[in-house]
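One structure is given here, and the rest of the page talks about it.
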Amino acid sequence: MKTMMLKVNPEKPDLNKIQIAAARIKKGGLVAFPTETVYGLGADALNPVAVTALFEAKKRPLDNPPIVHVASVKEIDLLVEEVPQKAQLLMKKFWPGPLTLIFKRSINVPSLTVAGLDTIAIRIPNHRVALALIRQSQRPIAAPSANLAGKPSPTTAQHVYEDLNGRIDAIIDGGATRIGVESTVVDFSVDPPMLLRPGGTPIEELRKCLSNLDLHPFVRAEQELPLHQIRSPGMKHRHYAPRAELILVEGTVEAVVGEIKRLSDSYRDKGFKVGILATDQTQANYEYHVVQSLGSRFNLASIAQNLFRLIREVDSLGVDVIIAEGVPSEGLGLAVMNRLRKASGYKIVKAK
Ligand code: TXA
Ligand code: MG
């Protein structure tokens, strides 16, 4: 299959190009598009054939359902059984935005779209291109992140191209995404509601509206969870993994820098090529190695924005080992740490 590249201005997307993409969605095709978090790979959520193709293109396990994207709150009536009062509060405050909510699903939704579950994950993205595509398609759009399963999520059209060229109909190129990590997922099919995945909407913001929000243990997990604790299909699959081995070093800044120097030198002495994901404040400490700064420790949003791109970039330099600095688990830092821990396969070193 030939994959079309449709370049648009993210602020003022060319309607002609959006219509070309929407026509593909309506015919059951697959179109990658930018959202404010990461690029999504879209298919008509109500068309089981299209959703099957979506899983195939990504090589995604069939038991892991995508998020369904809509352009306005009234479109979710068709998809859900009911919306709890507390969820309405969050929808008013955070939609459109990087927040996905899980509800009991309605019978209108094909079972394939929700991987056989009785719940559905929904969000309204805060991005002109995504919203225009949903509106022009006149359908809810099922869209997981537009990477091959297991790879870091794509934050540029180029990343999508690297993973999915020849496997999908089109990629709408609207430039780099603003937030860089995926949406926060909150499950409202249980009471009290439970946060299943930290993401672009910080938990501190959610708790201002929802004091009894539970945190699933997976969110801060430092090792793989036993199967019986899994609440979201995505929790049991390998994620964000670069080709090289990734090691995460956590602790105070001084301890982290010391440990990374020691580790990276010992790898180099053994003949391994090392890539280091550092921060603006620490990168000067690491000579003789490939070093990239994720951003400033005083601006965790910048680190979130760069994270997946830099994992891909360092990996593509042919390093054998990537060593990443841990950052504080507050604000967007919680999502960053959750992704880094998963990317490392829980190879975590506690620096002292
Ligand atoms: O920011 C985002 O959320 C991006 C953009 C494209 O919107 N999408 C994204 O989708 O990250 P995906 O499919 O890569 O991640 C969706 C997560 C998975 O961990 C999946 O297991 C979980 O949401 N999920 C989907 N439906 C669910 C359900 N009914 N119950 C529990 N978890 C669910
Ligand atoms: Mg994903």
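The analysis underlying the following values was restricted to heavy atoms, covering all of them including side chains, and did not include hydrogens, waters or symmetry mates. Counting starts at 1 for both ligands and their atoms, following the listed order.
Atom 19 (O) of ligand 1 has its closest protein heavy atom at G234 CA, 3.5 Å. Looking only at protein heavy atoms, the nearest one to atom 7 (O) of ligand 1 is H69 NE2, 2.6 Å. Here the protein heavy atom with the shortest distance to atom 17 (C) of ligand 1 is R197 NH1, 3.7 Å. Regarding atom 31 (C) of ligand 1, its nearest protein heavy-atom neighbour is I102 CD1, 3.2 Å. The protein non-hydrogen atom at the shortest distance from atom 29 (N) of ligand 1 is T119 OG1, 2.9 Å. When hydrogens are left out, the protein atom nearest atom 4 (C) of ligand 1 is V38 CG2, 3.8 Å; that is the closest non-hydrogen contact.
By the 4.0 Å heavy-atom criterion, V114 is excluded from the residues contacting ligand 1. Proximity of R105 to ligand 1 is not established, as no heavy-atom distance is less than 4.0 Å. Judged by the shortest distance from any of its heavy atoms, R60 lies inside the 4.0 Å radius around the atoms of ligand 1.
Using a 4.0 Å cut-off between charged side-chain N and carboxylate O, D44 and R139 make a salt bridge. A salt bridge links E222 with K350: the closest approach of a Lys/Arg side-chain nitrogen to an acidic carboxylate oxygen falls below 4.0 angstrom. At a threshold of 4.0 Å, the pair E36-R178 does not count as salt-bridged, since none of the basic side-chain nitrogens sits closer than that to a carboxylate oxygen. Salt-bridge formation is not detected for the pair K151/E162: no Lys NZ or Arg NE/NH1/NH2 atom is positioned less than 4.0 Å from an Asp or Glu carboxylate oxygen. We find that K58 and D163 are not joined by a salt bridge, their nearest charged nitrogen and carboxylate oxygen being 4.0 Å or further apart. With salt bridges taken as basic N to acidic carboxylate O contacts below 4.0 Å, none links E259 and K352. Look at E313 and R309 and you find a salt bridge, because one of the NZ, NE, NH1 or NH2 atoms lies within 4.0 Å of a carboxylate O, short of that distance.
Below 4.0 Å from some heavy atom of A121 lie the following atoms of ligand 1, by number and element: 25 (C), 26 (N), 27 (C). Residue S183 approaches ligand 1 through these ligand atoms, each under 4.0 Å from one of its heavy atoms: 1 (O), 2 (C), 3 (O). Below 4.0 Å from some heavy atom of P144 lie the following atoms of ligand 1, by number and element: 10 (O), 12 (P), 13 (O). The contact set between ligand 1 and S232, taken as ligand atoms under 4.0 Å from a residue heavy atom, comprises 19 (O), 20 (C), 21 (O), 22 (C), 31 (C), 32 (N), 33 (C).
Remark: among candidates P154, G42, P65, P61, the nearest residue to atom 26 (N) of ligand 1 is P65, based on non-hydrogen atoms. Nearest to atom 9 (C) of ligand 1 by heavy atom, out of A32, A149, S145, is S145. Comparing V181, D118, I67 against atom 16 (C) of ligand 1, the shortest heavy-atom distance belongs to I67. The closest non-hydrogen atom to atom 6 (C) of ligand 1, taken over S153, G40, A142, G200, comes from G40.
Formation of a donor-acceptor pair under 3.5 Å by the T52 side chain with backbone atoms of P48 is found in this model. A distance-only check finds a donor-acceptor pair linking the side chain of N285 to the backbone of T282 [under 3.5 Å]. Judged purely by atom type and a 3.5 angstrom limit, R268 has no side-chain atom pairing as donor or acceptor with the backbone of F272. Panel note: side chain R243, backbone V319; a donor-acceptor pair is recorded below 3.5 Å.
With a heavy-atom cut-off of 4.0 Å, N64 touches ligand 1 through its side chain alone.
Within a 6.0 Å radius of CZ in R128, other residues, nucleotides and ligands contribute 12 heavy atoms or fewer. By the 6.0 Å contact criterion, NZ on K27 is open, its count of non-hydrogen atoms from other residues, nucleotides or ligands being 12 or less.
Considering both main-chain and side-chain atoms, T37 comes within under 3.5 Å of ligand 1 through a nitrogen or oxygen pair. Remark: ligand 1 and E182 share no N or O pair separated by less than 3.5 Å (distance only, no angle test).
Residue contacts to the Mg ion (ligand 2): S145 brings an N, O or S atom closer than 2.8 Å.
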